[in-house]
Amino acid sequence: QVQLVESGGGLVQFGGSLRPSCAVSGRVTDINRVDWYRQAPGRERELVAGITSAGRTNYADSAKGRFTISRDNAENTVDLHMNSLKPEDTAVYYCHAEVLVVTIETSRKFDYWGQGTQVTVAS
C-alpha cells in the first residue's frame with residue numbers, strides 16, 4: 001500500500017554534501033512518519049532522522065547540526081540534506097515509513113522500507 005524508492009546516493013569527498021531523496025507513493029495519507037535509517041557494514045541499522053505527518057523532526061545525535069530532513073509535499077518526497085559528510089557516514093541509507101491503522105478493536109503498525117541507496121564518503 002506504500003512504496004518507497006530512494007535515490008540520490010553516491011560518492012562524495014570528505015566534507016561534501018549529498019541529498020538522498022525518498023519518493024513516497026501509495027496510501028500516503030496513512031503514513032504517520034517517514035524516517036531515514038542507515039546501515040554500515042558490520043553495524044546495526046540506526047535511525048538518522050525522522051519527520052512526522054505534522055512536520056515534526058528528530059535527529060540522531062550524530063546528525064544534529066549536519067543533516068536536515070524535509071518533506072516536499074508537491075513531489076511526495078522526503079529528502080535528507082547531508083552536509084559536512086565524514087567517512088563514518090558511509091552506509092546504505094534506507095527510507096522507512098510508519099503506517100498506523102487504528103480501529104475500534106485494534107491498533108496496528110505497519111513498516112515499509114525502501115531498497116536503500118549507497119552513500120560513500122571518501123577520506
Side-chain angles (χ1 to χ4, degrees):
Q1 293 182 322
V2 174
Q3 296 81 43
L4 307 172
V5 180
E6 302 97 333
S7 63
L11 175 65
V12 67
Q13 298 297 314
F14 180 91
S17 301
L18 212 58
R19 186 185 59 83
S21 180
C22 176
V24 184
S25 62
R27 298 184 63 86
V28 297
T29 57
D30 296 333
I31 298 176
N32 185 55
R33 63 180 296 114
V34 176
D35 308 294
W36 278 98
Y37 284 75
R38 69 185 181 189
Q39 186 168 24
R43 299 175 62 182
E44 297 292 326
R45 187 171 299 186
E46 62 177 348
L47 176 67
V48 179
I51 185 168
T52 71
S53 60
R56 297 178 181 178
T57 60
N58 67 282
Y59 299 92
D61 289 339
S62 61
K64 292 179 180 178
R66 298 190 301 128
F67 294 1
T68 301
I69 188 170
S70 64
R71 183 190 304 275
D72 187 334
N73 292 326
E75 299 292 333
N76 282 327
T77 62
V78 176
D79 301 336
L80 184 65
H81 301 260
M82 304 188 296
N83 300 312
S84 302
L85 285 165
K86 309 171 183 178
E88 48 263 46
D89 294 317
T90 296
V92 177
Y93 283 70
Y94 296 92
C95 185
H96 163 263
E98 178 187 273
V99 177
L100 183 64
V101 179
V102 179
T103 67
I104 296 177
E105 298 179 346
T106 63
S107 179
R108 186 176 180 183
K109 186 179 76 174
F110 298 87
D111 295 291
Y112 296 87
W113 295 90
Q115 295 299 309
T117 184
Q118 177 70 49
V119 171
T120 303
V121 184
S123 60

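Residue indices begin at 1 and follow the sequence shown.
- Side chain of Glu6 to main chain of Cys95: a donor-acceptor pair is present (N/O by atom type, distance under 3.5 Å, no hydrogens or angles).
- Residues Ile69 and Val78 form a side-chain contact, since some pair of their non-hydrogen atoms from C-beta on lies under 4.5 Å apart.
- Considering only heavy atoms from C-beta on, Leu4 comes within 4.5 Å of Val24 through its side chain.
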- Task: Give the intermediate values and the outcome of side-chain contact (heavy atoms from CB on, under 4.5 Å) for residues Val2 and Val28.
- Result: CA-CA 7 Å; Val2 174; Val28 297; 5.9 Å; no
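- Checked by atom type, the side-chain pair Asp79/Ser70 shows no donor-acceptor distance below 3.5 Å.
- Panel note: side chain Thr106, backbone Thr103; no donor-acceptor pair is recorded below 3.5 Å.
- Of the inter-residue distances, the one linking Asp72 atom CG with Cys22 atom SG reads 12.5 Å to the nearest 0.5 angstrom.
- In this structure, CG on Asp35 lies 7.0 Å from CG on Asn58, to the nearest 0.5 angstrom.
- Under a hydrophobic-cluster definition in which Ile, Leu, Val, Met, Phe, Trp and Tyr are linked whenever side-chain heavy atoms come within less than 4.5 Å, directly or via other members, Val12 and Leu80 are assigned to the same cluster.
- Side chains of Asp30 and Val101 form no contact here, defined as non-hydrogen atoms less than 4.5 Å apart.
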- Task: List the steps, then state whether side-chain contact (heavy atoms from CB on, under 4.5 Å) holds for Gln1 with Tyr112.
- Result: CA-CA 9 Å; Gln1 293 182 322; Tyr112 296 87; 3.9 Å; yes
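- Using modelled atom types, one finds a donor on one side chain and an acceptor on the other under 3.5 Å when comparing Tyr93 with Arg38.
- Aromatic ring orientation, Tyr94 versus Trp113: perpendicular (interplanar angle above 60°, classes split at 30° and 60°).
- Two residues are said to be in side-chain contact when any heavy atoms from C-beta on lie closer than 4.5 Å; Arg33 and Ser53 fail this criterion.
- Between Tyr37 and Val48, the closest side-chain pair of non-hydrogen atoms is not below 4.5 Å.
- In this structure the side chain of Met82 never reaches within 4.5 angstrom of the side chain of Asp89, judged on heavy atoms.
- Residues Leu11 and Gln118 fail the side-chain proximity criterion, which asks for heavy atoms closer than 4.5 Å.
- For the atom pair OG (Ser123) and CD (Gln13), the distance works out to 9.0 Å, reported to the nearest 0.5 Å.
- Taking the side chain as every heavy atom from C-beta outward, Val119 and Leu18 approach each other to under 4.5 Å.
- Side-chain contact, Asn83 with Arg19: no donor N or O sits under 3.5 Å from an acceptor N or O.
- In this structure, the separation between OG1 on Thr52 and CZ on Arg71 is 7.5 Å, given to the nearest 0.5 Å.
- We find that Lys64 and Asp61 are joined by a salt bridge, their nearest charged nitrogen and carboxylate oxygen being less than 4.0 Å apart.
- Surrounding CD of Glu46 are more than 12 heavy atoms belonging to other residues, nucleotides or ligands, all under 6.0 Å away.
- A distance of 6.0 Å or more separates the ring centres of Trp36 and Phe67.
- Atoms CG and CZ, on Leu100 and Phe110 in that order, are 9.0 Å from each other to the nearest 0.5 Å.
- Of the inter-residue distances, the one linking Gln3 atom CD with Ser25 atom OG reads 4.0 Å to the nearest 0.5 angstrom.
- Between the side chain of Ser84 and the backbone N or O of Arg66, no donor-acceptor pair lies under 3.5 Å.
- Nearest heavy-atom pair, Glu98 versus Lys109, reported as atom, atom and distance to 0.1 Å: OE1-CD, 3.3 Å.
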